[in-house]
There are 2 protein chains.
Amino acid sequence: MAAPEGMFVLEGRPTAQLIADQLRELIVQGAFRPGQQVNESALASQLSTSRGPLREALQRLCQEGILVSKRNRGVFVLELSPDDVREIYAVREAVELAAANTLLGSEADQVADTCRELKGIIRSMAKQVAASDWQAIARLDMQFHTAFVSGTGNTRLIRIYETLAAESRMCILSLEVAYPRIDALVQEHQMILDLLEARDQSGLQNAIKRHMQKAVEDLTSEPEVSGITA
Amino acid sequence: MAAPEGMFVLEGRPTAQLIADQLRELIVQGAFRPGQQVNESALASQLSTSRGPLREALQRLCQEGILVSKRNRGVFVLELSPDDVREIYAVREAVELAAANTLLGSEADQVADTCRELKGIIRSMAKQVAASDWQAIARLDMQFHTAFVSGTGNTRLIRIYETLAAESRMCILSLEVAYPRIDALVQEHQMILDLLEARDQSGLQNAIKRHMQKAVEDLTSEPEVSGITA
DNA sequence: GATTCGACAATTGTTGACAATCTACAGTTC
DNA sequence: GAACTGTAGATTGTCAACAATTGTCGAATC
């Protein structure tokens, strides 16, 4: 039977996934430094659970690539090199281009729903830009792209992109001097939205490619990645 | 210091990953039926380990999407619907197109290495086609595409593709009547290799798209997915 | 005869304790 | 003084027992 009004199944999702989601959010918000070891006992008691479920959650994040596991050493927060940044944005470009093609090949009203959502995100983004809330801007930036990919309805593409979004936020976080081209940010997203609404395939593809290319340039131009210089 | 000749670190990779790799191989080989529940205790003793490490491995495979977890119910082998097949091959197309572009933009000798590997796989494939060893053909088929993507050196793209390869093998396995166009199989892969060597970008892209499209047609044309008819 | 309630069996979820491994530091030797 | 060895501490890896939930079978009731 369907859940009665106001009621819903208590924590229908498996525990390890719930913990993993919490942890992922903590990591992308910068609660752990890149390269830092994750202490199991400490984290377990902090999240008021036991080491068993926590370790299961850690394994999920290792599979995603946000954490790296070394045998008999423990798990560590991913350290992002410039090569990593290039990799991440290359895959993001591939996923978003595929999402763009899928969207343009789908029903008009389905695209309209996505556009409406994107419009709202851009509006929020403009507000946060005015307020200079970098943390919120980073979240909305990724929220925009995640919504874009979600519009395809392809659950595998969406899942892949969620990991990429988390890694991207880590990129932005690790080199704290984020968003040098703050004015262009809202404008670029608006252009992607416009081209999607106009159903301009080649224009949309080019806009996405440019968007990614500029992001990589911004993220890799700063040689120092907080402290250590190559 | 580097490991002396003939010596290497004993099982440098974490345990959960080792178990997960074993399990993935078992699943794609059809040791479990789609939708079947995975009994933790039984599997743990079968793999001569405990439930703890096994559960960690199961969580990894859940994250990949090969298994699905239901709270207080256990984990089950993924059941593939025709929609799943379309999803998987849509993502595969996206990844391989990106890989093709990356490869064509890289050094010539790097591409040559990949081509050499692909050539060897095609040769093995032709042998197995002659022997009608379907299991081996499926493995070599995915080995070809995995090697193709590996040629890019993009570790994230490679990791994503490994999951897709596993799911693809499950697709082929679930509808056992595999490879109806057996003659075209070797030919299509050979064409992809030739176009890569010729550095024909648009030709290569079209070949990949056609290859994926035909695979989806083959895999979704059979209405019965072993038993249940829609 | 169909349905509902209750108890049982099986399986998962969680916890705590034990064993193995690694890093760091101190002591010893050359 | 430098390098090596041995020990101590901490942390991870593994295991077995306990608790909680789910699905099933059977009996009682309408």
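In what follows, chains carry the letters A, B, and so on, assigned in the order in which the sequence lines appear, proteins first and then strands, with residues in each chain numbered from 1.
- When rounded to the nearest whole Å, the span between CZ of B:R51 and P of D:dA17 equals 12 Å.
- For the OP1/OP2 pair of D:dT14 and a distance below 4.0 Å, the side-chain nitrogens and oxygens of B:T15 include at least one atom meeting the criterion.
- One can place CZ of B:R13 at 19 Å from P of C:dT21, the figure rounded to the nearest angstrom.
- Within the 4.0 angstrom heavy-atom criterion, no nucleotide atom of any strand lies near B:V75.
- Between the P atom of C:dT21 and the CD atom of A:E40 lies a distance of 17 Å, rounded to the nearest Å.
- Dashed line: the shortest gap from a side-chain N or O of B:S50 to OP1 or OP2 of D:dG13 is not under 4.0 Å.
- Look at B:E167 and A:R156 and you find a salt bridge, because one of the NZ, NE, NH1 or NH2 atoms lies within 4.0 Å of a carboxylate O, short of that distance.
- Distances shown here put a side-chain N or O of A:Q37 below 4.0 Å from the OP1 or OP2 atom of D:dT12.
- Residue B:N39 places none of its side-chain N or O atoms closer than 4.0 Å to OP1 or OP2 of C:dA10.
- Here the C1' atom of nucleotide C:dG13 and the CZ atom of B:R55 are 6 Å apart, to the nearest Å.
- A:L58 has its CG atom 9 Å from the P atom of D:dT12, to the nearest Å.
- You'll find that the side chain of B:N72 is closest to D:dT21, out of C:dT21, D:dT11, D:dT21.
- B:G52 comes within contact range of no nucleotide atom at all, as no heavy-atom separation falls under 4.0 Å.
- Distance A:E56 CD to D:dT12 C1': 16 Å, rounded to the nearest Å.
- Look at CG on A:L47: it is 12 Å from P on C:dT15, rounded to the nearest Å.
- If you measure from atom CZ of B:R71 to atom C1' of C:dT11, you get 14 Å, rounded to the nearest angstrom.
- Partner of B:H211 under the side-chain hydrogen bond (donor to acceptor under 3.5 Å, both in side chains) criterion, out of B:E93, B:H145, B:R92: B:H145 alone.
- Under the 4.5 Å side-chain criterion, counting only non-hydrogen atoms from C-beta, B:E96 is in contact with B:M212.
- Judged purely by distance below 3.5 Å, without hydrogens or angles, the side chains of B:R71 and A:T15 pair a donor atom with an acceptor atom.
- You won't find any donor-acceptor pair under 3.5 Å spanning the side chain of A:R73 and the base of D:dG13, going by distance alone.
- Taking OG of B:S50 as the start and CD of B:E40 as the end, the distance is 10.5 Å to the nearest 0.5 Å.
- Candidate nucleotides C:dT15, C:dT12, D:dC15 were compared by shortest atom distance to the side chain of A:P53, and C:dT15 ranks first.
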